[in-house]
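Indexing begins at 1, ligand by ligand and atom by atom, following the structure's order. Both backbone and side-chain heavy atoms feed into the values below; hydrogens, waters and symmetry mates do not.
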Amino acid sequence: MENPKNLILVIFGASGDLTARKLIPALFSLRTQNLLPEKFAIFGIGRTKISTEEFRVKMNSAIVSYSEEKVTGNDSIADFTKDLHYLSMDTAMLGDYQKLKELLKEYDENNGIGGNYIFYLATPPSLYEVIAINLSESGLCDQNEGFRRIIIEKPFGYDFESARNLNKTLHDLASEDQIFRIDHYLGKETVQNLLVTRFANGMFEPLWNRNYIDRIEITSAENIGVEQRGGYYDSSGALRDMIQNHLLQMVGLTAMEPPSSLDPDAIRNEVLKVFQSLQPIREEDVPLQVVRGQYTGSLIRGECVTGYRYEKGVAVDSRTETFVAIKFYINNWRWGGVPFYIRTGKRLPTRVTEIVIHFKPTPHHLFLRQSGKLSANQLIIRIQPDEGILLKFDMKQPGAGFNVKNVNMDFHYSDLADIRVPSAYERLLYDVMLGDSTLFSRDDEVETAWKFLDPIQKAWAKNPSIKVYGYPAGTWGPEHSNDLIEGEGLTWRYPCKNLADDELYCEL
Ligand code: BG6
């Protein structure tokens with residue numbers, strides 16, 4: 001594997017959760033694999049007034065708590081944290097960027113970095129513009145000496161208009177190839193494997209279209225609630241937090257045409273075409289195509305779970321959705337008439353992300369299953385956990401007659417025992433260092449995704465009679481989400497049963 005050029009990584013929002021839980025452990029992991037540049041430093045920027053020494057101690061604990069690497073001794077962590085520095089500054093003050101510039105210059109000259117800087121904006125989204133403008137005004141985005149790249153966390157805007165404005169601001173300061181919009185799902189190994197499954201195997205692609213596929217279902221379920229992020233989440237909701245980015249990117253990779261090459265733009269062009277072909281959902285059709293829900297308090301395995309409205313930072317009369325299910329179509333030759341169903345939610349029974357390809361049944365039914373029901377083949381691409389691929393198909397049960405049983409053929413990533421699956425942030429940080437933008441959302445992709453979701457947001461805002469269904473924490477969301485599925489008796493696939501099924505619910 002290639003080693004990136006020497007560089008300094010500047011993290012805005014260094015005292016935040018993302019830095020401690022994801023970024024620093026991912027960078028440490030890259031170090032243990034010798035994938036960081038030979039000369040490398042991290043400058044953490046935050047409002048909190050702490051010293052570099054205190055920052056190093058904090059990050060040391062973060063690595064111990066959150067690293068996926070087996071940390072065997074403190075030596076390797078200490079060796080890594082000595083490259084960490086901290087600067088407390090007010091990101092709104094242009095003058096403070098001069099201080100930062102001088103500090104970086106001094107470090108750069110003393111250590112022979114060569115002028116390459118990456119700025120990671122891991123701050124609340126309200127600060128993205130001001131930080132980018134100040135970086136540019138202070139000359140920190142100029143690429144005279146080395147490369148300058150900006151990484152922006154999600155959410156990228158809150159609707160089409162705001163995303164377009166943010167893109168405009170960024171384009172005034174830097175070129176598109178300097179901007180890396182993170183969608184950490186694209187960093188997941190199994191999401192990338194979608195491309196390989198589809199385009200490296202001759203047997204799937206001929207079947208991957210409206211002639212053989214009945215419907216496609218994508219679920220991203222979480223069993224956790226909003227945790228400490230109630231304040232952010234209440235102004236966001238599942239549509240902005242998960243659908244606009246992670247779920248739509250998975251739709252893009254599942255539905256795209258084969259790219260002509262692995263060039264970043266060749267792949268992103270195909271994803272964009274899928275987004276452009278999404279059949280717009282009219283505001284008046286939102287109640288028919290979208291179901292939203294909010295978890296209520298319940299008892300799971302004897303433990304009381306707080307309802308969403310009683311979470312810290314959430315308004316007691318909040319109508320923010322913690323669950324969304326959407327039915328839509330992709331208007332193109334490959335997918336015309338095939339319904340796509342996507343859903344995501346917090347406080348569902350389990351943590352699972354999977355893509356289910358439901359094939360059409362055979363044209364003539366020779367065999368009935370014992371249950372009396374006919375079944376059709378399913379290909380289940382399990383993104384997480386227990387990453388793998390499962391093919392469900394029918395086989396004859398041994399013995400008299402032609403009794404048919406649905407069986408599984410499955411592959412688990414864990415079977416590749418000697419292969420370590422890197423974390424999403426590890427992969428994405430490494431790619432930014434190399435300047436590879438394949439796994440980052442492009443300006444037009446983000447805007448087009450928002451354009452598709454805007455009518456839903458508008459309908460919800462305008463029409464309070466559109467229901468927010470309550471669902472007890474630990475269940476699969478509102479029952480109404482099954483009404484979206486076309487076809488008699490069809491439901492979503494439930495990877496495990498409702499946890500609270502046989503428990504007593506208690507409204508908190
Ligand atoms: C983040 C969302 O982007 O993704 C969170 O903001 C969510 O609300 C998280 O919990 C889920 O990521 P993962 O990798 O745990 O599926």
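A cation-pi contact, defined as under 6.0 Å to the ring centre and within 45° of the axis, links Lys188 to Tyr185. By the 6.0 Å and 45° rule, Arg149 stacks over the aromatic ring of Phe147. Taking the centre and axis of the six-membered ring of Phe80, the NZ or CZ atom of Arg31 falls outside the cone set by 45° and 6.0 Å.
Around OH of Tyr329, the count of heavy atoms belonging to other residues, nucleotides or ligands within 6.0 Å exceeds 12. The number of heavy-atom neighbours closer than 6.0 Å to NZ of Lys22, taken from other residues, nucleotides and ligands shown, is 12 or below.
Using a heavy-atom distance under 4.0 Å as the criterion, the protein contacts of ligand 1 are Lys154, His184, Tyr185, Lys188, Glu222, Arg229, Asp241, Met242, His246, Lys346, Arg351, Gln384.
A donor atom on one side chain and an acceptor atom on the other are not found under 3.5 Å apart for Arg240 and Asn245.
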